[in-house]
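The chain is numbered in sequence order, starting from 1.
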Amino acid sequence: MTDHSAVYIGTAFLAGVSLALVCREVLYPHRRYEDSADSKSALDAHVARSGPPAIVEGIQGCIGNTPLFRIKSLSDETGCEILAKAEFLNGAGQSSKDRVALSMIEIAEEKGLLTPYSGDTIYEGTSGSTGISLASLARAKGFLAHICMPSDQAIEKSNLLLKLGAIVDRVPPAPIVEKDNFVNRARALAHAHTASTTVPFTAEEDGHLETHERKVCGRGFFADQFENEANWRAHYSGTGPELYAQCNGKIDAFVAGAGTGGTISGVARYLKPLLPNITIVLADPQGSGLYNRVRYGVMFDLKEREGTRRRRQVDTIVEGIGINRVTANFEVGKELVDDAVRVTDAQALAMARWLVEKDGIFIGSSSAVNCFAAVKTAQKLGPGHRIVTVLSDSGSRHLSRFWAKAGDVGGAVDTKLEDVLNARDEDFK
């Protein structure tokens, strides 16, 4: 090769790189707010795992790359392709919260906030699933877990947490503005742990909540899933790219509920720049204010108005989604949410029963809300579209509350989708 040829080739290569960078800025202007690590993660080609899975390191290696499958009954009924991300197949806590828990722990380790096998304890306020994921991964990575959760959540969640070795605080429901709210309690206990040698915890004994103390060492770390950006980033770098790869870039709508807001924000931030015409839809249970926040810009719900509230939190049987404030994780993606679907308890219960009856799919309450909203989105968009949603966890951790209300599906039944869409509270009394 002559010197002149080498110069020409080198110049052409640099020109090609420059052109690619210019095209990236033109085609993906939304990416400018990301730091270099995020941009690399998001723009690198993401290939979904195919064939036999590789040998991985520990249970944390079993998180992510979950299957995406077609829900036959809903697809046939709507004329759309309704696909579900099987997040209940994540390998630690068997829910979508595995991704979030692992992300929060790993980033805390990188920042020196957690040291394995030092006595450090992870504190979190959660309705259940995040706590279960944290408890499992804490043990796998050399930490302890102290979980605060509302006392009206399904009892099997706290029982499972105890089996996983976590300390469990069942806290009476209270608004986020009160210090006794389960999230605020977790934060306070984490600070107390670092500053003291003992911390209190509340356990249920003979039907009553009793307060005890336990000795501690190491530091307390408050995971803070509602405000910790490690939450949405887990879905930005994992769930979003997986969906894009699994669908070969063809997705017309993504539907998800919001508790912390991490899933819908993270996925929306990844997919929107790649698929500008995608519709991001919030699935919101009754009693939550996010539906009105998306549709009308106002955080208010009739179920929460003075004189009608039956409890001091979101008034729904659905667990894990629905909230009456905008969290930091929802904030980062809220402008990318195009629409919202309100789902009543009766509609969620009817959808859960439908999926067992028609498809043998046994899911939890938030997943039923997602599927109902996916159907409404399919009807709005019309036949021929592809709608993707998330099945966050199995119905097995909702037996004592949501599924107790839903009842047994029974033998030969022939429910019509119209019955599900028009379900009323009196159907489940």
Any side-chain donor paired with an acceptor under 3.5 Å for Glu156 and Asn159? no

Under 3.5 Å side-chain donor-acceptor pair for Asp419 and Thr415: no

Restricting to non-hydrogen atoms, name the atom on Pro150 and the atom on Thr126 that form the minimum distance, rounded to 0.1 Å. CD-O, 3.5 Å

Ignoring hydrogens and angles, tell me if any N or O in the side chain of Asp427 forms a donor-acceptor pair with the backbone of Ala423 under 3.5 Å. no

Can you list every pair that meets side-chain hydrogen bond (donor to acceptor under 3.5 Å, both in side chains) and has a residue in residues 102-113, with sequence neighbours left out? Glu109-Lys141

If we only count heavy atoms from C-beta on, is the Val332 to Tyr236 side-chain gap below 4.5 Å? no

I'd like to know if Arg397 and Glu319 make a salt bridge, using a cut-off of under 4.0 Å between side-chain N and carboxylate O. no

Residues Ile167, Leu144; criterion side chain to side chain contact (heavy atoms under 4.5 Å, CB included); working and verdict: CA-CA 8 Å; Ile167 302 296; Leu144 299 174; over 6 Å; no

With heavy-atom distances below 4.5 Å as the criterion, would you say the side chains of Leu282 and Ile264 are in contact? yes

For Ser158, all residues meeting side chain to side chain donor-acceptor pair (under 3.5 Å), sequence neighbours excluded: Arg170

Using the rule given for side chain to side chain donor-acceptor pair (under 3.5 Å), can you reason through Thr389 versus Lys85, listing the C-alpha separation, both sets of side-chain angles and the distance that settles it, and then say yes or no? CA-CA 6 Å; Thr389 192; Lys85 186 76 163 151; over 6 Å; no

Would you check if the side chain of Glu357 reaches a backbone N or O of Gly411 as a donor-acceptor pair within less than 3.5 Å? no

Decide whether Thr115 and Arg219 meet the rule of one side-chain donor and one side-chain acceptor closer than 3.5 Å. yes

Is there side-chain contact between Met149 and Val168, with at least one heavy-atom pair below 4.5 Å? yes

Quiz question: by atom type and distance under 3.5 Å, do the side chains of Asn329 and Ser265 form a donor-acceptor pair? no

So does Gly289 get a backbone contact from the side chain of Asn292, meaning a donor-acceptor N/O pair under 3.5 Å? no

Spacing of Leu89 atom CG and Ser394 atom OG [to the nearest 0.5 Å]: 9.5 Å

Can you measure from OG1 (Thr263) to NZ (Lys97) and round to the nearest 0.5 angstrom? 5.5 Å

Those residues at least two apart in sequence (or on a different chain) that pass side chain to side chain donor-acceptor pair (under 3.5 Å) with Thr239 are Arg99, His235

Pairing donors with acceptors under 3.5 angstrom, does anything connect the side chains of Arg187 and Asn184? yes

Determine yes or no for a side-chain-to-main-chain donor-acceptor pair under 3.5 angstrom, with Asp408 supplying the side chain and Gly410 the backbone. no

Let me confirm one number: the CD1-CG distance from Ile387 to Leu74, rounded to the nearest 0.5 Å. 10.5 Å

Quick one: do Glu77 and Lys358 make a salt bridge, cutoff under 4.0 Å? no

Minimum heavy-atom distance between Val388 and Cys247, given as atom pair plus value: CG2-SG, 4.0 Å

Which is it for Lys157 and His398 under the side chain to side chain contact (heavy atoms under 4.5 Å, CB included) test, yes or no, and what are the steps along the way? CA-CA 8 Å; Lys157 293 183 180 181; His398 297 264; 4.0 Å; yes

Distance-minimising heavy-atom pair for Ile105 and Ala138: CD1-N, 4.3 Å

Please output the side-chain donor-acceptor pairs of residues 333-340 that fall under 3.5 Å, not counting sequence neighbours, one pair per line with the distance.
residue: Lys334; atom: NZ; partner: Glu331; partner atom: OE1; Å: 3.4
residue: Lys334; atom: NZ; partner: Glu331; partner atom: OE2; Å: 2.5
residue: Asp338; atom: OD1; partner: Lys272; partner atom: NZ; Å: 3.1
residue: Asp338; atom: OD2; partner: Lys272; partner atom: NZ; Å: 2.8
residue: Asp338; atom: OD2; partner: Ile280; partner atom: N; Å: 2.8
residue: Asp339; atom: OD2; partner: Lys380; partner atom: NZ; Å: 2.6

Using 4.0 Å as the upper bound for N to carboxylate O, is an ion pair formed by Arg386 and Asp252? no

Considering only heavy atoms from C-beta outward, does the side chain of Ser367 approach that of Ser392 to under 4.5 Å? yes

Any side-chain heavy-atom pair from Ser288 and Thr316 closer than 4.5 angstrom? no

Within the 4.5 Å heavy-atom criterion, are Asp180 and Pro172 side-chain neighbours or not? no

For Glu426, does the CD atom sit with more than 12 other heavy atoms under 6.0 Å from it, leaving out its own atoms? yes

Side chain to side chain contact (heavy atoms under 4.5 Å, CB included) with Ala283: which residues, sequence neighbours excluded? Val255, Val369, Asn370, Ala373

Walk me through it: do Phe330 and Thr260 pass the test side chain to side chain contact (heavy atoms under 4.5 Å, CB included)? CA-CA 7 Å; Phe330 188 76; Thr260 64; over 6 Å; no

Is it the case that the side chains of Asp120 and His193 hold a donor-acceptor pair, with the cut-off being a distance below 3.5 Å and no angle test? no

By side chain to side chain contact (heavy atoms under 4.5 Å, CB included) - contacts of Arg70 (at least two apart): Lys72, Ser75, Asp76, Glu81, Leu83

Step by step, would you call Glu87 with Asn90 a side chain to side chain donor-acceptor pair (under 3.5 Å)? CA-CA 6 Å; Glu87 288 294 276; Asn90 279 300; 3.2 Å; yes

Heavy-atom nearest pair, Glu124 first then Phe222, reads OE1-CE1, 3.6 Å

For the backbone of Ala174 and the side chain of Asn181, can you confirm whether one donor and one acceptor N or O come within less than 3.5 Å of each other? yes

Tell me whether Arg185 contacts the main-chain N or O of Lys179 through its side chain, where contact means a donor paired with an acceptor under 3.5 Å. no

Can you tell if the side chain of His146 reaches within under 4.5 Å of the side chain of Leu189, non-hydrogen atoms only? yes

Is any side-chain heavy atom of Val356 closer than 4.5 Å to a side-chain heavy atom of Ile361? no

Between Leu137 and Gln60 the two heavy atoms that sit nearest each other are CD2-CB, 3.9 Å

Using side chain to side chain contact (heavy atoms under 4.5 Å, CB included), reason through Glu229 and Trp232 one step at a time and then give a plain yes or no. CA-CA 6 Å; Glu229 70 170 16; Trp232 71 263; 3.5 Å; yes

Give, for atom CD1 of Ile63 and atom OG of Ser133, the distance between the pair rounded to the nearest 0.5 Å. 7.0 Å

Geometric cation-pi criterion Arg325 and Phe226, 6.0 Å radius, 45° cone: yes

Quick one: OG1 on Thr130 to CG on Asp98, what's the gap to the nearest 0.5 Å? 9.5 Å

Could you give the distance from CG (Asp169) to CD1 (Ile147), rounded to the nearest 0.5 Å? 9.5 Å

Verify whether the ring centers belonging to Phe362 and Trp403 lie closer than 6.0 Å. yes

Where is the tightest heavy-atom contact between Pro173 and Ser151, given as atom of each residue plus distance? CD-OG, 3.6 Å

Could you check whether any side-chain N or O of Asn324 sits under 3.5 Å from a backbone N or O of Gly287, counting only pairs where one atom can act as donor and the other as acceptor? yes

Sidechain-backbone polar pair: Glu227 side chain, Gln225 backbone, donor-acceptor under 3.5 Å: no

